[in-house]
Each structure stands twice: as C-alpha cells, then as structure tokens.
Amino acid sequence: MVVARFAPSPTGYLHVGGARTALFNWLLARQTGGTFILRIEDTDQKRNTPTAIGQVMDDLRWLGIQWDEGPDVGGPNGPYLQSQRRDIYDKYIKKLIDEKKAYYCFDTPEELDALRKEAQDQRRNFIYPRPKDFPDAKDAEQARTEGRAVTVRFAVPQDKPIVVQDIVRGEVTFATSEISDFIIQKSDGFPTYNFACVVDDYLMKVTHIIRGQEHLNNTPGQQALWEALGFGELPKYAHMSVTVSETGGKLSKRERPKSLCEAIKARPDIDLEKLAEVGNITLEEVNSFLDGQTTPDMPSIDAMAEYLGIVLPEVNVVDFFKSGYLPETMVNFLALLGASPGGDREIMSVDELTKSFDLSRLTKANSLFDRGKLLAFNTEHIRTVSEEKLLRHFKDYLKAIESPVASADDEALSKLLEINTGARTLAQIEQKSKFLFIASEEIEYDEKAVKKVLLKNDGLAVLATVHDKLAAMEQFTVENIENMLRSLAEEREVGLGKVAQPLRVAICGTTISAPIFDSVEMLGKENTLARIDITLKKFGTETQGERS
RNA sequence: GGCCCCAUCGUCUAGGUAGGUCUAGGACACCGGGUUUUCAACCCGGCAACAGGGGUUCGAAUCCCCUUGGGGCUACCA
C-alpha cells in the first residue's frame with residue numbers, strides 16, 4: 001500500500017515547483033490506489049502566513065489534486081499541522097537525549113558564525129564540534145534561566161558511510177564525516193524540518209517520498225535519524241530534478257520581484273515617488289528594492305507592475321489561473337516536466353497521466369520551465385476540453401479577474417467560447433470580447449487603429465454606408481450581417497477586410513476582436529449603430545482636412 | 001571553498017538499465033509557404049543535437065575515466 005505525501009511550508013501561494021511535487025506524489029498514490037497526505041510544515045513561526053494554508057489548499061483544489069488525509073479532512077494519523085504536534089516531537093527528542101543520541105547546545109549565533117568562517121577559511125565543510133560530554137537537563141535548565149538559547153543537536157553516528165537508495169539517482173553515498181550534527185530542536189522549542197519530517201513520515205506510515213533534488217543532501221541525515229529512532233524500514237526516496245527558469249537558477253517566488261526590478265531599471269524615466277505611492281511603500285523601500293537589499297510584499301509588487309503596465313512572469317499557481325490557463329493544462333505540463341511517459345505522447349488527460357506515471361521515468365537533468373510550450377499546451381486543452389468544463393473554467397476565470405464579461409449569461413458565454421476557437425488563453429477570449437459588455441461611451445479608440453483603418457481608404461465613408469445598411473436590416477442575424485458585408489466588399493471591389501475593419505474599430509476601438517459577424521450580432525443593432533455614430537462623430541471632422 | 005546531482009536540437013524530451021534496427025524520433029519555438037474579416041487557430045515544408053577528450057569493443061548517443069559546463073545544498077528556512 002503506497003502512502004505518499006505533499007508537505008509544503010505555508011509561506012504563501014503554491015508555486016509551480018511545489019505544484020509539480022504535489023502532483024507527482026498524488027499521481028503515484030492515485031495510480032496505485034494508495035493514500036495521498038497533505039501535511040503542513042509550519043514549524044517556522046517567523047515565516048508562516050496565517051492565510052497561506054488556505055491558499056495552498058485552494059490552489060491544489062483548483063488543480064484537481066485531492067488529499068485523503070490532511071488538516072481539513074483529518075485522518076488516522078493527525079493532526080496534519082506540525083505546529084499541533086509539538087508533544088509528539090518532544091517525546092522523541094527526549095528519547096534521543098536520554099539515549100545520548102542527541103545533546104543540548106548553548107551557542108550564540110555569533111559563535112556559530114565564527115566557527116563557520118573558520119571552516120570556510122580552512123577550505124572545509126563546517127562540522128559542528130561535538131562535545132566529549134553531553135550537557136544534561138540541569139545544564140539546559142540553568143542556561144535557560146540565564147537567558148541563553150538552548151537547542152538540541154542530533155549526534156550523527158560516524159561509524160559508516162550513509163547510502164541513499166534513490167529511485168531516480170540510484171545509489172548516492174555520503175561520508176558521515178561530511179554530515180554535521182544538525183539541530184533538531186530550535187531554541188523556541190519547535191522542531192526543525194529535518195526532525196519533524198522524519199517523525200511524521202514514520203508516524204503517518206509514508207512509503208514514498210518524492211521531493212525536489214534540493215532535499216537530497218538532507219536525506220542522509222534524515223536516514224540516520226530514522227535509524228537512531230528505531231523506525232525500521234526506510235521509506236523509498238525519489239529526488240526529482242529541479243525546475244529552472246529562463247533567467248537561470250531555480251524557478252522560485254523571487255522570479256516576480258526580480259523581473260519587476262529589472263523592468264524598472266530598464267526605464268530610467270520612471271517617477272519613483274509615484275511608484276512608491278502606487279505600491280503603498282516608501283521611497284526608501286523602493287530604492288532598497290532596486291539595490292537588491294529588500295523585497296516588498298507581493299501586493300506591492302503586483303500593484304507597481306500593473307501601474308507600469310508590466311506583465312510579470314507567472315510563478316504561482318494562481319498567477320497562471322489569472323492569466324487564463326486551464327488546470328488541465330497545468331497538470332499535463334507539470335506532469336511532463338522532468339518526466340516522460342515514453343514515446344511521442346504529450347497532450348494527455350489526468351487519467352492518462354495517472355495510468356502512465358512511472359517513477360523510474362523521471363528525468364535526472366534539470367529542466368527549464370518553457371512558457372511557450374505551456375501556451376501551446378493551453379491552446380490544445382482549450383480546444384479539447386468538454387464544453388461544460390470550459391464554460392466552468394471561463395466563469396471561474398472571469399470572476400477571479402473581475403471582468404465585465406462575468407455579467408453575461410451562460411448562453412452568451414458559451415457563444416463567446418464557440419466563436420473564439422483557437423484562443424490560446426481564456427484571457428485572450430476575455431480581451432477580445434470585453435467590448436461587448438461595457439458601455440458604448442467607454443470604448444477607448446486605439447490611435448493607430450483609427451489612423452490605419454478609419455482615416456485611410458475611405459474608412460469613414462465605408463463605415464457610414466455600413467451604418468445605413470445595418471440600420472435598414474430587418475432581421476439582425478449573423479447571416480444577414482455577413483451577407484451584407486460581403487456584398488458591400490464585392491460592390492466596392494475590395495477585400496472583406498476593407499469593410500469589416502472600419503466596423504470593427506467602430507464597435508471595439510481596436511483592430512483586434514472576436515469574429516466580426518458574431519460580435520455585431522451579439523452587440524445588437526441598437527448598440528452597434530450607436531457606436532458607429534459615436535465613431536463617425538468623433539473622427540468625422542478630422543477626415544475632412546486629410547482627404548485630398 | 002566543501003559536499004552532492006546532472007549533461008541528446010534554442011527548449012521539453014524519445015533512444016541509454018539488455019552497445020549494432022539512430023545517416024538520432026516527436027513536440028514547442030524559430031524560418032519559409034498556404035489559408036484567412038482582425039488577432040489567433042489551422043495546413044504544408046524547412047532549420048536544428050548526442051559538451052570536449054581519452055578509453056573498452058568488430059561496433060558507443062548508449063559502458064568507464066578525465067576535463068569543461070550547469071544546478072543543488074552548505075541556517076535555530078523548509
């Protein structure tokens with residue numbers, strides 16, 4: 001019976017790297033009919049955001065990743081929040097201390113830093129100097145009353161090299177002399193990740209641990225702990241390749257601030273004071289951010305980016321949601337990043353991915369998160385998901401971005417989805433349809449579009465003709481609109497574009513929109529004529545002089 | 001600096017664990033052409049890789065070693 005788990009620390013929204021880890025564990029559990037656990041590693045009081053747990057769970061749900069045991073659903077081996085398992089960890093820590101397998105430490109950060117610097121200077125790895133005699137509980141108590149910080153370190157057995165049997169890497173050997181006695185209990189009484197993780201994986205009967213390669217170096221220590229605690233058979237490990245970004249290095253949450261910082265620097269004319277105001281931070285904070293000293297909070301980053309009209313690269317699952325990607329796309333893409341079902345298959349459903357998932361087929365080399373390919377996947381999934389699913393996703397999306405299109409009923413929304421086949425993202429569909437749902441007076445006319453389409457080639461004259469023909473139309477149907485425009489083009493011996501484009505600009509303000517016949521029909525006769533009137537009035541006088 | 005991992009088209013990858021069937025396949029991107037009411041989408045065609053050097057072998061993308069290059073970790077973060 002397979003038991004897999006995803007164990008995020010709740011520091012904010014779920015990012016794609018975390019989502020991939022969760023997905024692989026979930027895929028394995030689903031394929032084997034095993035259990036998938038969601039465990040929250042909230043042992044760092046400083047880093048936890050109270051809302052983060054909910055955000056992570058929302059993101060997983062959006063992806064369709066359901067957990068069998070977790071903070072909200074419970075389970076036989078709860079609680080699933082590490083912060084609620086303090087007594088359990090304390091018990092095991094006491095056991096290790098009693099057995100002389102762990103010991104108290106009283107070092108100050110300064111002392112530790114000095115030791116590390118010394119090691120660095122001597123060109124060797126930092127190894128904590130284990131005391132000959134371990135301090136006892138009384139020493140610890142006294143240190144505490146003196147106000148000194150007390151931590152507990154695990155005495156890593158030095159007898160034999162530690163071999164990690166990794167499903168993707170094979171046998172990886174670590175010399176124990178390279179593994180420093182690490183802290184298992186912090187001075188605030190919380191366990192460290194390396195300790196809590198081992199205890200929980202044992203208690204929750206986890207059989208498979210799939211995680212990022214960044215944890216490979218933690219594994220020998222965790223194995224030693226597992227053994228010292230007498231936990232018996234080790235779980236199976238699989239350390240996945242890391243997902244890297246175009247800018248180099250691990251794809252992380254730093255991506256967005258970094259990208260914004262570069263964008264600001266690339267535009268020296270920016271009013272930094274105004275920027276600070278928009279981001280709701282001080283000018284000093286902006287400068288510090290530009291110097292790489294500090295990083296403002298995400299809402300500030302987003303606000304500043306929006307103000308500057310910069311699109312930041314998506315890194316969190318919600319970012320992709322708000323950019324109009326489908327969960328099916330994300331699951332498919334992430335499942336194939338650093339893994340392959342073999343052969344030429346790429347666009348796959350969750351069922352297919354589950355069936356074909358194979359831990360032994362994980363790639364060893366790091367892979368780059370290719371947004372272009374993701375877009376292609378999204379295009380394909382938008383084309384192939386069922387109408388009902390697409391409609392549901394579209395409604396969720398519109399609601400999330402607070403689009404005026406959200407006011408449309410299901411019928412209109414379905415129509416939009418239908419006429420916009422070939423769209424790459426839901427965002428594109430929204431952008432090309434938005435004009436149908438805003439007031440005629442609020443249409444913004446794109447300067448280039450007006451110049452190119454209306455003020456040239458008799459654009460306005462054509463538009464006036466179109467207006468009259470539409471006004472005379474009794475049945476305002478897609479078919480009639482199309483016939484009218486086509487015959488008008490024929491009459492004038494020009495391409496359809498010459499008559500369709502002026503109309504397009506008149507009703508939506510730009511040269512880009514959903515297909516014109518359907519758009520006009522959806523807008524309705526009254527609105528269409530009104531918009532043409534507005535356009536004619538607005539740009540009509542300008543043409544007089546320009547016509548020669 | 002130390003330890004660990006990795007290396008096929010620009011990118012994701014197939015092929016590697018059983019060396020010959022690989023003049024290295026697919027997809028994305030890119031380039032050219034077609035289609036077209038805009039943007040897309042779609043159709044056809046093209047470009048493009050076994051990091052380098054040594055071995056082992058009749059034969060190596062595939063096995064071994066070195067070099068180079070990338071990545072990770074090196075916290076009282078996870």
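As a basis for the values below, the full set of heavy atoms in this structure was taken, side chains included, without hydrogen atoms, waters or symmetry mates. Every chain is numbered from 1, with letters handed out A, B, ... down the list of sequences.
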What nucleic acid atoms does [X] come within less than 4.0 Å of, heavy atoms only: base, sugar-phosphate, or nothing?
X        : value
A/Thr510 : nothing
A/Arg371 : nothing
A/Thr511 : base
A/Arg504 : base
A/Leu216 : sugar-phosphate
A/Thr363 : sugar-phosphate
A/Arg345 : nothing
A/Asn420 : nothing
A/Gly338 : sugar-phosphate
A/Leu503 : nothing
A/Gln120 : base
A/Glu178 : sugar-phosphate
A/His215 : base
A/Ala7   : nothing

Can you tell me the pairing partner of [N] across any strand shown, Watson-Crick or G-U wobble, with both distances under 3.5 angstrom?
N      : result
B/rC3  : B/rG72
B/rC42 : B/rG34
B/rU21 : none

Between the base of [N] and the side chain of [X], is there a donor and acceptor pair under 3.5 angstrom?
X        : N      : answer
A/Thr151 : B/rC76 : no
A/Glu214 : B/rG71 : no
A/Asp370 : B/rA29 : no
A/Lys364 : B/rC5  : no

*Distance under 6.0 Å and angle within 45° of the ring axis: does A/Arg39 meet both against A/Tyr80?*
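That pair does not qualify as a cation-pi contact.
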*Is NZ or CZ of A/Arg153 both nearer than 6.0 Å to the six-membered ring centre of A/Tyr128 and within 45° of the ring axis?*
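That pair qualifies as a cation-pi contact.
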Less than 4.0 angstrom between a side-chain N/O of [X] and OP1 or OP2 of [N], yes or no?
X        : N      : answer
A/Lys186 : B/rC77 : yes
A/Arg116 : B/rU74 : no
A/Arg169 : B/rC4  : no
A/Arg361 : B/rG15 : yes
A/Lys46  : B/rC76 : no

*ring pair (Phe, Tyr, Trp, His ring centres under 6.0 Å) pairs, two or more places apart, involving residues 477-503 of chain A*: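 As it turns out, there is no ring pair (Phe, Tyr, Trp, His ring centres under 6.0 Å) pair with a partner in residues 477-503 of chain A once direct neighbours are skipped.
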*For the pair made of CD in A/Gln185 and P in B/rC76, what is the distance, rounded to whole Å?*
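Computing the A/Gln185:CD to B/rC76:P distance gives 14 Å.
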*Grab the CG-C1' distance between A/Asn332 and B/rC28 for me, whole Å please.*
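The answer, rounded to whole Å, is 13 Å.
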